[in-house]
Amino acid sequence: MVPSHPFLLVVFVGLSVGRQAVGEGSSADGPATRCRVVQGSLRYAPATLGCGAEPFQGFRNHIGHICSATPRGLYIEAQGSNPYGIATLGDTRMAHAGHTRRAHHGGTTTAHPDGPAPSSRHDRRPTASHITSRRGLPPAPPLASLDLSPTQAAAYAQVLKLRLDSARTLLAPELRAAQPDPRAVLVQDCADFADVVLRQDAARYPAALAAMDAHLATVEAAAKRRPGPWPTFAAAEIQLHRAIAQVCFDDEISGAWALRQAMLRLDAGARQYPDFLPLRKSLGLCQFLVGVVPDSYQWFLRALGLRGSTTTGLANLSRAADGPNPFQTEARIFRALIREGYYHQETDIAALTAQLVRREPDNLLFCYLRLAALKRQKQPDAALRAFRARPTGRGYVPLLYLHHMVADLLLYRGDYVGSAQHNEYFLRRYPGLHYRKDACLKLYLAAWLRHDEAVAARWLAEIDKQGAARIEEDRAAQRFFDERPPLNERLYRARLAADGGYWRLAQRLLNGFQFAPQTPRVQRAEWCYRQARVYHGQQKLDSARYFYQRTIAVAEDEPHYFAPNAALQLGYLARAANDEKNARQYFEKALAYPRHEYKRSIDSQAKAALAR
């Protein structure tokens, strides 16, 4: 199963560490040079400006950064040596409505009304006036950076570390301005959004929505005063935050409408500013996630006019992940999670999370990502070490879900008392509705496995009382309470051992399972399924294929996830063996099962696999 919470946390936070803004200081290479390139006038620039996979990459590497792209043109910040002659090294030029101001560092120079003329026939480099159209133009807006300012970057880094109050403190002076920078407003919105979504406290939700509305109004006003990629992106991102928060707090209809508005803004922004990579990051993520929504929900998305595509979405996301921009780390995280969760490419997320934690050991979000990746990849001992090494302190937002995760890890190891302690702590402190039923089920299992019948009965009753059955884990727990399926202790211990990657223990428990004529078919199917998972985990693929096939045959139409996931895994194995025909047949078979506990996640994975 692909747990929903990794995406719930990372997608919802929407963060990255921003780089220092170009032009906010000088470098050892020399003072900065600025000029404006008006759209339609690039024919005056060297042909190499537009070559390569990314436009302008040639001169960006030598000169500096494109600072902003607006309907009036590109604003370029040049730094250091200047082989293309966009502006003379040490000069600052700003093109304005048919004239150019020139300030030479280290001396004075007289400027021609249309810009400085070449000093000789050998000096044929295009000047700012050559690049700027001679037609009358309105005054250019102030130079804006495609990066965050140092203060905004520092605040963003604190948000990413989940030190939200520190981020707010850094941003406070900027936000007191009459017309605050849209970038600062966006970072503030990320902090407020992360706070309400990670805490899952319904009491904070109305104030959080009101703050998002105020942030959106501020950046929309900024966009009217001075159009550009940052106000466009900030408005779309805040709208996306609102959509996700509404879905989190069970206002799905309003959330779906807000998602539609966010996607329309992102799509329009990406068309207007095609090289502004943050827009590609969020647009690609939305396109992918809408593209893998199960077919049973697609009618609703079509009614809203939402169209997704896994291929297009991943391509847009990859552009942001591979190109330098303030949100590159975020885009890399999203792409790695998608590759792992939908395409079974686990090495990317493992390497990325290890790198992030080494780079920033005080980053709680990175610690969470590392722990979650290790748990999914069945390395519980390493995951527990990551939990113990996590940063702590009053400055961090409470991330109580970590205790629910650790309870699972201890359950896999057979530490039933320790597992119960962490889940009880989670239930006492966590104000949200999600995962409460799942925690009660795990508390029931911990008591049942240590043969404490009274405690087990108490937690079984709590499943029905706690939380809400809205996410898959909680729906599965509620279904367990409603149906009370008979459990076999040996089989369940084998399941937990396999979930934790304790393959030898799981194999011994399965091999000791005793069949009887009255053994229910669902337990026979589960035994085959657990054998397949154990062999698969040990890379004994022929045995895994055999037992996956036996699972499908034995389960028949049982309404459990064993056969659907067996079909999904057979599809992955066939694709890995370059047997695309059988792979697609198995993916379609996984989709065809009408009812089981994990239909939404299995269908999403099968759809993504078929779309490749």
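The chain is numbered in sequence order, starting from 1. What's counted below: heavy atoms across the whole structure, side chains too, no hydrogens, waters or symmetry copies.
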For the pair Asp474 and Arg470, find out whether any cationic side-chain nitrogen is under 4.0 Å from an anionic carboxylate oxygen.
-> no
Plane angle bin for Tyr444 and Trp448 - parallel if under 30°, tilted between 30 and 60°, otherwise perpendicular = parallel
With no hydrogens and no angle check, do the side chains of Arg533 and Tyr548 hold a donor and an acceptor under 3.5 Å apart?
-> yes
Roughly how far, to the nearest 0.5 Å, is CZ of Phe562 from CZ of Arg530?
-> 5.5 Å
Residues Asp322 and Arg335 bridged, charged N to O under 4.0 Å | yes
Distance-only side-chain donor-acceptor flag, His404 / Asn423, under 3.5 Å | yes
Is a donor on one side and an acceptor on the other found under 3.5 Å between the side chain of Arg436 and the backbone of Tyr430?
-> yes
Taking atom NZ of Lys378 as the centre, does the number of heavy atoms from other residues, nucleotides or ligands within less than 6.0 Å exceed 12?
-> yes
Looking at Tyr572 versus His536, is the centre-to-centre ring distance below 6.0 Å?
-> no
Validation row, ring centre Tyr435 to ring centre Phe426 under 6.0 Å = no
Relative to Phe587, does Arg584 satisfy both conditions: NZ or CZ under 6.0 angstrom from the six-membered ring centre, and within 45 degrees of the ring's axis?
-> no
Between Arg271 and Asp267, is there a salt bridge with N-O shorter than 4.0 Å?
-> yes
Does the side chain of Arg495 come within less than 4.5 Å of Glu526's, by heavy atoms?
-> yes
Return yes if a side-chain donor-acceptor contact under 3.5 Å exists between Asp381 and Tyr412, otherwise no.
-> no
Do the side chains of Arg359 and Phe366 get nearer than 4.5 Å, heavy atoms only?
-> yes
Ionic contact status for Lys281 with Glu237, cut-off 4.0 Å | yes
Can the ring centres of Phe288 and Tyr342 be said to be less than 6.0 Å apart?
-> yes
Kindly indicate whether a cation-pi arrangement holds for Arg484 with Phe481, taking the cut-offs as under 6.0 Å to the six-membered ring centre and within 45° of the axis.
-> yes
Atom CG of Leu541 and atom CD of Gln569: how far apart are they, to the nearest 0.5 Å?
-> 11.0 Å
Count the heavy atoms belonging to other residues, nucleotides or ligands that lie under 6.0 Å from CD of Glu453, then report whether that count exceeds 12.
-> no
Does the side chain of Arg307 reach to within under 4.5 Å of the side chain of Gln287, using non-hydrogen atoms?
-> no
If the plane angle is over 60° it's perpendicular, under 30° parallel, otherwise tilted; pick one for Phe249 and Tyr205.
-> parallel
Salt-bridge test for Arg479 and Asp482: reply yes if a basic N is under 4.0 Å from a carboxylate O, no otherwise.
-> no
Return yes when atom CZ of Arg332 has more than 12 non-hydrogen atoms of other residues, nucleotides or ligands closer than 6.0 Å, and no otherwise.
-> no
Quick one: which of Val406, Leu411, Asp408 gives a side-chain contact (heavy atoms from CB on, under 4.5 Å) with Ser419?
-> Leu411
